[in-house]
Amino acid sequence: MVDIKALRENPEEFRNALIKRQMPTDLLEEILNLDEERRRLITETNQLRAKRNELSREVAKLKKSDTDASTLIEESKQIGERIKAIENRLSEIDGRVNYLLLSFPNPPHESVPVGKDETENVVIRQWGEPRRFSFEPRAHWDLGPQLGMLDFDRAAKLSGSRFVILRKELAQLERALINFMLDLHTREHGYVEIMPPHLVSRESITATGQLPKFEEELYNTQPDDLFLIPTAEVSLVGMHRNEILFEADLPLKYVAYTPCYRREAGSYGKDVRGMVRVHQFNKVELVWFAHPEKSYEALEELTSHAEEVLKRLKLPYRVVELCTGDLGFAAAKTYDIEVWLPSYNDYKEISSCSNTEDFQARRGNIRYRARDNSLRHPHTLNGSGLAVGRTLIAIMENYQTEDGKIEIPDVLRPYMNGLEVIG
RNA sequence: GGAGAGGUGGCCGAGCGGCCUAAGGCGCUUGCCUGCUAAGCAAGUGUGGGAGUUUUUCCCACCGAGGGUUCGAAUCCCUCCCUCUCCGCCA
């Protein structure tokens, strides 16, 4: 959530933020108009309340001295009615302003390249070389079923399209990847491992920014109105909702493995084959609560932690900085990590690392007590470390052999009982 | 699902119609003292909002959430949410 005070004092900056994001600016104008009316009405009710409080004190005095106070009481009553009338209008405005503020995207950081869409993202660095195959490489959606280890048909029977069943060594490899990633981040990168709930309340998921604007992307459960998390970021950030942290404890670094559930409502034509885009996938997620002055260093560090997974798996990747037009709603700055996929003959997103600055902390009322005793919002960062399903795809396709088998990357063999090849 | 208890500042906890401008303690900050640390002593320390000033300030709201009663609510009434204990069911 943006800071209404900052918005009021510097509307031009926020208007530019919307323009850079290729978004209409009408919600900004509406907020400014309502905010002005709101402040006028607040001033008015404050004055009326002050008057009423004064009358009340006098009534108390008169009653003590057994004097008639009916005139004052009558006046006080009338003031009460006026207050109520204004309050009705005020709560209407509050509701609307709040909704608009919750719908306002995070302004991009000044370092973010301005651009209209994903074609203007900037490649920052590249690691490894795509493998040159001496044969025609198979796509994972051919290779998996051939091995009898990916089953899209039965998954569709169970749940519909965009679901997948893993079998045998491929299921085991998915589990190995999860453990490998968790071990790396907890043992070498200093993260605290969390196993959080996958069902969260409306309030929790509003804090991270998925609500109120993107409800159609979420699975909602009734009658409890709980949401299946689209990413563990929701649970990890939400953990500290309405809390006051200690400055000395920052940064807090969490890692969690969870499944992620996404309706993929707007993506009917995209990635229709295979398990690149499915409604349920596993992910290991990294989240930081960082000191505001150190959050951009933190973003570099977090991104490097995600990259380290790919380096150890020896999977070629590149890091892309998203331009303003492609930036997610809650992010001030984002690096996407893209892994090489032979089936796409291109790099494909496998991690997205973002600094949301105080955007989520504000929405979630997460603060910390600074050394001078003041309260401030920490910055929150999140990144996949990594999307497990897509990592599995990358291994299948990049490590495949001519006879349709899959070599197991060295670092995963201890997690596979020493197995070297699948198939 | 049933019965009971409870939700008050960063934390613990008192208050149960106007003297609450929320006691007291812990913690935290600063200073003093001090081989270091700890202890001790002193002072300070709630949040949010509005108006003004940009140094000093004034006003309003907030005691789980929302309604209600009242001239006036942390305090009384209603609804809801959450936590804990016990019972039932259950992996």
Side-chain angles (χ1 to χ4, degrees), chain A residues 1-10 31-102 195-207 211 220-227 235 238-250 252 289 291 358 361-378:
Chain A
M1 184 158 56
V2 295
D3 181 3
I4 179 113
K5 271 195 226 159
L7 188 144
R8 186 151 70 213
E9 280 162 22
N10 214 340
I31 291 171
L32 290 173
N33 287 335
L34 287 174
D35 180 54
E36 206 183 305
E37 183 180 356
R38 183 174 161 274
R39 279 151 66 210
R40 208 178 59 234
L41 295 178
I42 285 173
T43 304
E44 202 176 333
T45 49
N46 277 350
Q47 285 164 352
L48 288 172
R49 262 190 261 264
K51 178 75 178 161
R52 186 178 67 179
N53 288 344
E54 197 186 311
L55 290 175
S56 271
R57 278 190 292 270
E58 278 176 45
V59 168
K61 258 188 238 163
L62 291 179
K63 289 218 165 173
K64 255 181 200 162
S65 61
D66 241 354
T67 318
D68 175 56
S70 56
T71 322
L72 294 182
I73 289 173
E74 185 52 35
E75 192 182 344
S76 189
K77 255 185 184 167
Q78 279 174 14
I79 290 174
E81 276 162 32
R82 281 172 63 196
I83 290 173
K84 191 145 290 179
I86 298 172
E87 272 181 342
N88 284 340
R89 172 63 185 152
L90 256 179
S91 73
E92 218 176 277
I93 294 175
D94 280 345
R96 180 67 183 162
V97 167
N98 195 39
Y99 173 80
L100 292 170
L101 284 176
L102 287 173
M195 203 169 272
H198 305 167
L199 286 161
V200 299
S201 67
R202 190 169 278 275
E203 293 74 40
S204 296
I205 202 160
T206 301
L211 288 179
N220 175 258
T221 66
Q222 292 300 328
D224 299 302
D225 201 35
L226 292 172
F227 293 85
S235 301
M239 275 199 306
H240 289 301
R241 210 154 54 78
N242 294 327
E243 281 187 31
I244 296 177
L245 311 169
F246 293 101
E247 182 170 8
D249 292 338
L250 301 179
L252 296 171
F289 292 80
H291 195 283
D358 64 3
R362 217 174 266 290
R363 296 166 82 98
N365 189 29
I366 302 166
R367 294 169 296 176
Y368 70 90
R369 178 79 60 187
R371 291 186 211 288
D372 65 358
N373 250 353
S374 67
L375 288 173
R376 302 179 66 188
H377 295 285

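All values derive from a computational prediction rather than experimental measurement. Chain naming here is simple, since letters A, B, ... match the order of the sequence lines and numbering starts at 1 in each. In what follows, every heavy atom counts, from backbone to side chain, and hydrogens, waters and symmetry copies are set aside.
- Of the residues near RNA chain B, A:Ile42 and A:Arg52, the one whose nearest nucleotide (by heavy atom distance) lies more toward the 5' end is A:Ile42.
- With a 6.0 Å radius and a threshold of 12 heavy atoms from other residues, nucleotides or ligands, A:Arg39 has its CZ atom above the threshold.
- Residue A:Glu203 qualifies as enclosed at atom CD: its count of foreign heavy atoms under 6.0 Å is above 12.
- The nearest whole Å value for the distance from the CD1 atom in A:Ile79 to the P atom in B:U70 is 17 Å.
- With rounding to whole Å, A:Gln47 atom CD is found 10 Å from B:G50 atom C1'.
- Closest heavy-atom contact between A:Arg52 and A:Gly80: NH1-CA, 4.1 Å.
- Taking a pair as Watson-Crick or G-U wobble with both distances under 3.5 Å, the runs of three or more consecutive pairs in RNA chain B are B:1-7 with B:81-87, B:10-12 with B:24-26, B:27-32 with B:40-45, B:46-51 with B:57-62, B:64-68 with B:76-80.
- As judged by a 4.0 angstrom heavy-atom cut-off over every strand, A:Arg241 is placed among residues making no nucleic acid contact.
- At the phosphate of B:U45, neither OP1 nor OP2 sits under 4.0 Å from any side-chain N or O atom of A:Arg371.
- Between A:Arg367 atom CZ and B:G10 atom P the separation is 7 Å, expressed in whole Å.
- Residue A:Arg369 places none of its side-chain N or O atoms closer than 4.0 Å to OP1 or OP2 of B:C28.
- Taking atom P in both B:A61 and B:G72, the straight-line distance is 12 Å, to the nearest Å.
- Note on A:Leu72: nothing from the nucleic acid sits closer than 4.0 angstrom, heavy atoms only.
- A straight line from CG of A:Asn242 to P of B:A65 spans 11 Å, rounded to a whole angstrom.
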Determine whether A:Arg89 and A:Glu92 satisfy the following criterion, salt bridge (charged side-chain N to carboxylate O under 4.0 Å, His left out), listing intermediate values before the conclusion. CA-CA 5 Å; A:Arg89 172 63 185 152; A:Glu92 218 176 277; 2.8 Å; yes
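- Of the C1' atoms belonging to B:C19 and B:C77, the separation is 26 Å, rounded to the nearest Å.
- Contact annotation: the side chain of A:Leu245 approaches that of A:Phe289 to within less than 4.5 Å [non-hydrogen atoms, C-beta and beyond].
- Using a 4.0 Å heavy-atom cutoff across all strands shown, A:Ser56 reaches at least one base atom of the nucleic acid.
- B:C84 and B:A73 have their P atoms separated by 33 Å, given to the nearest Å.
- A gap of 15 Å separates the P atoms of B:G9 and B:C62, to the nearest Å.
- For the P atom pair drawn from B:U75 and B:G66, the interatomic distance equals 13 Å after rounding to whole Å.
- For A:Leu101 and B:G49, the CG to P distance is 12 Å, given to the nearest whole Å.
- In this entry the distance linking CG of A:Leu48 with C1' of B:G72 reads 16 Å, nearest Å.
- A salt bridge does not link A:Glu247 to A:Arg376: none of the charged side-chain nitrogens sits closer than 4.0 Å to a carboxylate oxygen.
- The existence of a salt bridge linking A:Glu87 and A:Arg49 is confirmed by a sub-4.0 Å separation between a basic side-chain nitrogen and an acidic carboxylate oxygen.
- Of all non-hydrogen atoms in A:Leu32 and A:Arg8, the two that sit nearest each other are CD2-CA, 4.4 Å.
- Between B:U83 and B:G64, the distance separating the two C1' atoms is 10 Å to the nearest Å.
- Contact check, A:Asn53 against B:G18: no side-chain N or O comes under 4.0 Å of OP1 or OP2.
- Separating the CG atom of A:Asn365 from the P atom of B:G10 is a distance of 10 Å, rounded to the nearest angstrom.
- Taking atom CD on A:Glu44 and atom P on B:G49, their separation rounds to 21 Å, with Å as the unit.
- A centroid separation of less than 6.0 Å is found between the aromatic rings of A:His291 and A:Tyr368.
- Note on A:Arg49: every side-chain N or O is 4.0 Å or more away from OP1 and OP2 of B:C71.
- B:U29 sits 39 Å from B:G17 when the P atoms are compared, rounded to a whole Å.
- Taking the nucleotide of RNA chain B with the nearest heavy atom to each of A:Ile73 and A:Ile4, the more 5' of the two is matched to A:Ile4.
- At the heavy-atom level, A:Leu375 lies under 4.0 Å from the strands shown only through sugar-phosphate atoms.
- Nucleotides B:U8 and B:C16 have their C1' atoms positioned 12 Å apart, rounded to a whole Å.
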